[in-house]
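Here the structure comes first, spelled out in structure tokens, and everything after it is commentary.
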Amino acid sequence: MSETDITPDTGSTATTTTAGESDEQARDAWTEYRAAGETKLSVEDINVWYGDDHALKDVSMDIPEESVTALIGPSGCGKSTFLRCLNRMNDRIKAARVEGSVEVGGTEIYHPDANLVELRKRIGMVFQSPNPFPKSIRENISYGPRKHGEIEKGLLARLFGRDDTEAEAELVERALKQAALWDEVNDRLDDNALGLSGGQQQRLCIARCLAVDPDVILMDEPASALDPIATSKIEDLVEELAKEYTVVIVTHNMQQAARISDQTAVFLTGGELIEYDDTEKIFENPESQRVEDYITGKFG
Amino acid sequence: MSEAYAHDTALVTEGSTSYDRLVDGAIALSIVAFATTLLALVELVPLGTAGATLGNYFLTLFVAVSGGVGLTAGASWANVVSVTSQRVRGVAGGLLVATGGLTAVAYLTTVTLATLLGFVLIGQALIIGGAGISSRLDIIDTEPDASAGLLAGGAFAVIGAAIGGALGGTVIGFDSIAWLVFPIVVGVGLAVLTIVPREDLGSTIPVGLVVGTLGVVVATAAIGVGWQWNPETLDGGFTGGVVIPLFAAFGALISAWAAAKCRAGFGAPGREYGAFLIINLNALLMVVTMVSIVLFVLTRGATYATRGLTTSALTLLVLLVPLLALATEFARSRVGGGEWNRTVRLVTQIAPLATLGAVAAVITTVLITGNPIEYGFNYQILQNRNLIPRETAITITPNPEVGAVILAVVASVMWIALFRNYGSLRNVGAAFPRAESVRQLVPVAVAGMAALIGGVLLVGPTPAGVPLGSVVGVGVVAAGTLAAVGLAALPVAGVATTNGSIADRTQASAPLFTLGVFGGLAVLTAALLLQPVTGHTPGIAGVDLVAVGALFATLACGLAAGVSAYARRTTTETLQDRLLGEETILGLTGAAGFIALLGLHVLATGSGFTVLGVSVTTEGTLSWPMILQPYIPLGAEPGGIMPAVVGTVWLVIGATLFAVPLGIGAAVFLTEYAEQGRFTAVVEIATNALWSTPSIVFGLFGAAFIIPRLGGNESLLAGMLVLGFMLLPLVLITSRESIKAVPDEYRDASAALGVSQWETIKSVVLPAAMPGVITGGILGIGRIAGETAPLILVLGSTLNATESVNVLQGFQFVAEPPFIINDQLLAASASLPTQVWAVIAAGVSGSPQMGWASAAILLSVVLTFYAIGITARTYFRRKLNYE
Ligand SMILES: Nc1ncnc2c1ncn2[C@@H]1O[C@H](COP(=O)(O)OP(=O)(O)OP(=O)(O)O)[C@@H](O)[C@H]1O
Ligand SMILES: [Mg+2]
């Protein structure tokens with residue numbers, strides 16, 4: 001790709017250039033907020049290759065905690081690839097090679113001795129199409145905690161008197177309430193999850209992810225397969241979640257990004273991060289002409 | 001073609017013309033003729049049948065059709081299943097007319113089935129030809145294409161060539177080359193007739209000609225029942241008995257095709273309806289073939305196989321318990337919808353329970369009145385090369401006896417089922433401080449008894465003169481039994497001593513329910529295990545203490561279940577209702593568990609047990625000579641084939657234990673772990689090749705490779721291994737396919753939750769792949785259960801074996817590697833397929849009825865495997881898809 005007028009290393013510049021320049025109230029609030037919020041994820045010079053295909057180039061970005069960060073950009077620009085770097089899901093793709101550094105709360109996740117189980121418990125992920133397991137709603141939610149040994153159930157647990165059925169019930173209720181699904185399914189927790197509607201399935205996947213008690217939630221176009229009503233439910237949910245969790249969300253929908261996110265990162269074709277800044281700044285007054293073209297629909 | 005759109009054709013053609021009805025009749029006639037010829041081929045209705053016998057056959061058919069059509073029509077009239085399709089109605093009416101007419105003709109005339117089939121073919125030829133011509137003359141409204149097409153033309157060229165060849169051979173013989181003129185002329189002629197005219201003529205006239213010719217040949221008895229063709233190159237020949245049904249079946253097939261085309265007005269709808277009928281008749285062919293093979297074998301083997309089948313009414317009642325539980329479960333499942341046919345659905349749900357209840361009632365009458373139920377019949381045995389008829393009967397005796405094996409198995413199954421249904425009653429009910437300390441004592445007591453068992457096993461029953469086994473052990477067994485009874489009585493005692501309404505009291509006693517049932521079961525199990533170690537069975541007045549204890553505990557648990565069920569009826573609170581339901585299940589769980597222990601006790605000690613006139617016996621109360629006896633060489637009674645049944649069961653168990661874990665493991669490794677590449681491709685090819693390898697080659701491999709390495713003798717173990725090798729590729733292939741079919745999204749979702757790959761495979765991938773894996777496994781097991789060729793080479797089986805292998809008791813521990821040996825596994829054994837083969841190979845000295853009976857049992861075993869497989873698959877699919 002051609003040389004861009006903005007250095008890809010926007011992570012640090014973005015945080016400094018915005019401060020103090022505007023007199024708008026929102027901007028001030030944002031600055032304050034940004035000053036208070038600690039950096040949750042710190043990405044530095046990440047590069048991804050699929051075979052010889054250089055899919056992500058020197059991306060750096062600091063993601064503050066308890067906020068929503070939107071990733072936008074044209075199809076194939078590497079948003080999903082970037083998202084998968086954050087919980088090392090790229091490890092599961094044989095062709096993928098990742099270089100660079102990602103720190104979660106100051107700990108390098110690409111360290112050779114990193115504990116993948118713990119990492120993925122802390123950084124949950126929701127996929128583009130709803131993918132509940134072919135199990136009951138209850139089992140879907142308690143799947144993670146059960147596999148991590150936090151809940152014991154079944155014949156043996158019952159025989160040894162270590163049955164955590166009640167703990168499970170509490171967990172299921174909490175997760176489903178957090179995902180705003182409890183009222184719709186509380187009377188059929190033992191029904192198969194595949195019998196839910198698409199939007200309900202997606203919220204179930206969010207609940208399943210919340211059940212393992214993560215700090216960060218990565219979402220890859222979570223509403224792309226849903227109708228407007230289900231989408232707005234997910235959007236409300238994301239805003240609600242941002243009070244407690246750090247949410248990173250990929251979306252193709254500009255309005256969605258503008259509505260729900262606190263800061264936005266724009267990727268453009270070639271796997272480069274063009275601009276990363278406060279959402280309002282990106283949508284009202286972007287630094288880069290290419291970003292403006294993309295947002296106004298002239299490009300991409 | 002475009003003029004088709006000019007027609008003002010109605011979207012739905014309601015009602016039908018007499019032309020439609022006539023063609024529907026032709027289709028129905030084809031179906032009847034087709035089914036009849038299939039039955040004639042397996043000689044269920046011989047071709048020579050005529051007059052009243054033939055009439056009876058068609059009457060049966062007529063009654064069956066009237067029943068089916070009448071029921072459906074009634075249901076349609078009442079709007080349960082609405083049948084509005086004119087075509088379905090037409091064919092149904094046609095079936096009635098066809099079977100009714102044929103019945104009348106058969107009764108009124110003396111024609112044989114063969115001749116009648118000939119006339120049916122001629123009639124169809126006329127109807128089809130007529131339909132084609134009236135379509136061409138635009139008497140009826142159709143939309144034919146310009147030609148019937150090259151495919152149909154090619155097919156009729158082949159048919160014509162075959163008919164012409166037969167004709168040529170008959171007229172001038174095959175000696176001169178001139179006979180070739182006939183097939184060429186007739187074949188080309190039919191092809192031209194098919195391709196050149198418009199579709200309505202092209203697909204009816206050739207059919208009419210062919211079917212008509214076949215009909216004339218059969219009806220005029222040019223080829224009659226006694227007809228024979230003996231080609232010089234063959235030893236035998238073809239008889240009319242084979243050729244006529246084949247002609248008629250073929251004629252029926254193509255006339256059904258042509259009539260269907262006429263009915264749908266030719267063109268694309270015509271082709272579709274024609275193909276639909278042909279496919280369905282082929283499906284019918286498949287079903288009829290399967291059913292006739294099964295019937296053929298079963299009718300010949302059934303009498304011999306079931307001779308002397310006797311069982312006690314009580315045994316049957318015990319066996320009915322799980323079925324009743326299943327039926328109750330089925331009847332309880334929810335019925336949705338408010339329409340009136342909800343009642344119909346309710347009735348179908350309750351029907352199984354009602355039927356089983358009726359059966360149970362009949363059996364109970366036997367028990368009460370003391371009159372056995374008997375069904376007598378004859379069978380034949382071979383003595384001095386003569387078949388001698390003998391009388392026998394299937395009997396249900398009124399003995400109040402049940403075998404310990406059946407009791408233990410049924411009770412254990414019920415225990416597992418109930419325990420699975422039981423939720424959890426933790427943190428429910430009042431606190432009982434004393435019960436809490438007892439709860440802490442139970443594990444200690446059980447552990448103590450386990451330690452005592454270990455101690456006695458290690459140091460012997462009397463170490464240094466201390467009578468550890470006889471005195472201490474017996475004392476502990478007695479104390480344990482009493483404690484178990486006491487524990488089992490706790491729930492009822494709790495209800496009796498607390499205050500409040502019965503529902504509240506029962507709910508408050510919940511901790512006593514769990515403690516009583518699980519504690520009691522644990523303590524009594526420990527006592528039961530300790531007992532054989534001590535070498536003594538403590539008893540009072542000649543009755544075993546443990547057995548009496550189990551009985552009392554059963555009663556106590558049953559009482560607790562009854563009390564909580566009653567209490568449940570008095571409550572209106574939803575939560576309490578649920579809790580009391582749990583308590584009832586728990587009480588029943590306890591009862592089932594204690595009965596299982598009672599059965600196990602009788603089995604372990606080998607001494608039966610009678611109380612209040614009801615006996616639990618060590619010997620089974622089921623008498624089934626064919627299955628449960630070995631062959632009796634010189635006796636008046638021939639005995640049975642138990643060694644073969646036992647052999648087959650062990651072969652299947654061994655092969656399954658060997659191949660299924662290996663196959664699934666390999667499939668998991670290849671699909672989930674191995675790098676997809678050349679290695680996996682090679683493995684795949686090798687597996688497929690292994691699956692296609694002829695079974696006799698496996699046998700040779702076993703004989704030449706395995707046997708020399710397993711002691712040099714033909715043996716059961718060699719048979720297991722060879723069958724295992726045959727089963728392995730199928731398990732591997734099907735498991736692999738179904739694991740591959742599990743969507744990657746599940747794996748990603750699981751990985752994103754931080755779950756390890758192995759855990760993911762275990763709890764997401766394998767359950768999702770289960771239906772496929774099970775289907776593959778069961779199909780494979782069904783196949784190897786009936787495999788004969790390799791067993792002949794490696795099993796060393798004999799005809800009519802007199803001794804069964806005793807694998808379980810063959811195990812011995814030894815001090816040198818391999819530490820565990822089993823001479824029974826290394827001995828030759830009988831098996832069902834080799835038994836059938838041996839009867840055939842033995843010629844005159846083998847009793848034919850014994851052979852058929854063995855075959856019937858083999859077939860039943862294999863079909864049972866299929867049935868289990870299909871049930872398991874349906875169950876897992878349901879679980880997966882939540883239907
Ligand atoms: N598993 C893979 N193997 C090889 N190449 C891949 C793989 N996944 C992604 N790529 C390539 O990497 C680039 C970025 O893909 P990515 O899926 O991250 O795009 P995206 O921004 O998420 O696009 P979209 O908005 O369409 O989802 C694309 O060129 C794509 O072809
Ligand atoms: Mg994407």
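Values below: all heavy atoms of this structure, side chains included; hydrogens, waters and symmetry mates excluded.
Residues of residues 88-101 of chain A lying under 4.5 angstrom from chain B, judged on non-hydrogen atoms, are A:Met89, A:Arg92, A:Lys94 in numerical order.
Looking at residues two or more places apart in sequence or on another chain, you find no side chain to side chain donor-acceptor pair (under 3.5 Å) involving B:Ser738.
Of the options A:Leu189, A:Asn186, A:Leu210, a side-chain contact (heavy atoms from CB on, under 4.5 Å) to A:Leu176 is made by A:Leu189 and by none of the others.
Listed options A:His148, A:Glu118, A:Met125 were ranked by heavy-atom pairs under 4.5 angstrom with chain B; first place goes to A:His148.
Geometrically, A:Arg138 does not engage A:Tyr143 in a cation-pi contact defined by less than 6.0 Å to the ring centre and at most 45° from the axis.
Taking 4.0 Å as the cut-off between side-chain N and carboxylate O, B:Glu684 and B:Arg736 count as a salt-bridged pair. By the 4.0 Å N-to-carboxylate-O rule, A:Lys121 lies close enough to A:Glu150 to be salt-bridged with it. In summary, A:Asp215 and A:Lys40 engage in a salt bridge, as defined by a charged side-chain N under 4.0 Å from a carboxylate O.
Between the side chains of A:Tyr110 and A:Glu103, no donor N or O sits under 3.5 Å from an acceptor N or O.
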Apply side chain to side chain donor-acceptor pair (under 3.5 Å) to residues A:Ser136 and A:Glu139 and explain how you reach the verdict. CA-CA 5 Å; A:Ser136 73; A:Glu139 284 170 320; 3.2 Å; yes

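Looking at A:Pro214, there are no atoms closer than 4.5 Å to chain B (heavy atoms on both sides), in backbone or side chain. Residue A:Leu218: no heavy atom, backbone or side chain, is found under 4.5 Å from chain B. Proximity to chain A is limited to the side chain of B:Glu675, based on heavy atoms less than 4.5 angstrom apart.
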